[in-house]
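Hydrogens, waters and symmetry mates are skipped; everything else that's a heavy atom, side chains included, is used. Since the model is a prediction, treat every value here as computed from it, not as a measurement.
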Amino acid sequence: PKAVLVHGAGSVKELRKALELPPLEQPQSQGEFSHCYKDDCLVVAIPSLSPPPFNKWKSWSREHIEMVAHGIASHLSKY
């Protein structure tokens, strides 16, 4: 794939381990674009979409997801 979106701390940890990714953490604030690259693939981490963790960031989730979507679209526009 050219882009992977992963949500939740456990999923981020497992994906990092499986793909031997560089450090990748869940964002803690709305404007933080947490990402890394594996070859040509953009890997983006977001906080969990499942409750109850989602409840902690739902107030800024819409804006954050829009920012992430723009970042992924920018990356994909190269192909």
Q: Assess whether atom NZ of Lys2 is packed by more than 12 heavy atoms of other residues, nucleotides or ligands within 6.0 Å.
A: yes

Q | Cluster check Val12, Ile65: I/L/V/M/F/W/Y, side chain < 4.5 angstrom | A | no

Q.
If I take atom CD from residue Gln26 and atom NZ from residue Lys13, how far apart are they, to the nearest 0.5 angstrom?
A. 12.5 Å

Q: Could you walk me through whether His75 and Tyr37 pass the ring pair (Phe, Tyr, Trp, His ring centres under 6.0 Å) test, one step at a time?
A: CA-CA 11 Å; His75 172 73; Tyr37 292 92; 5.8 Å; yes

Q: Drop me the distance from Arg16's CZ to Ser11's OG, to the nearest 0.5 angstrom.
A: 13.5 Å

**Q.** Flag if over 12 foreign heavy atoms under 6.0 Å of CD, Glu25
**A.** no

Q) Shared ILVMFWY cluster between Leu24 and Leu15, side chains joined below 4.5 angstrom? A) yes

Q) Does Glu32 reach the main-chain N or O of Gln28 with its side chain, forming a donor-acceptor pair under 3.5 Å? A) yes

**Q.** Rounded distance (nearest 0.5 Å) linking atom CD of Gln30 with atom NE2 of His64
**A.** 8.5 Å

(Q) I'd like to know if the side chain of Lys38 and the backbone of Leu19 have a donor-acceptor N/O pair within less than 3.5 Å. (A) yes

Q.
Donor-acceptor pair, distance only, cut-off 3.5 Å: does the side chain of His35 make one with the backbone of Phe33?
A. yes

Q) Is Ile72 reachable from Met67 through a run of hydrophobic residues whose side-chain heavy atoms are each under 4.5 Å from the next? A) yes

(Q) Tell me if a side-chain donor or acceptor on Trp57 pairs with a main-chain N or O of Ile46 at a distance below 3.5 Å. (A) no

Q: Answer yes or no: is there a donor N or O on one side and an acceptor on the other, between the side chain of Glu20 and the main chain of Ala18, under 3.5 Å?
A: no

Q) Among the clusters formed by ILVMFWY side chains lying less than 4.5 Å apart, do Leu21 and Val4 turn up in the same one? A) yes

Q. Any chain of hydrophobic side-chain contacts (each under 4.5 Å) joining Leu76 to Val43?
A. no

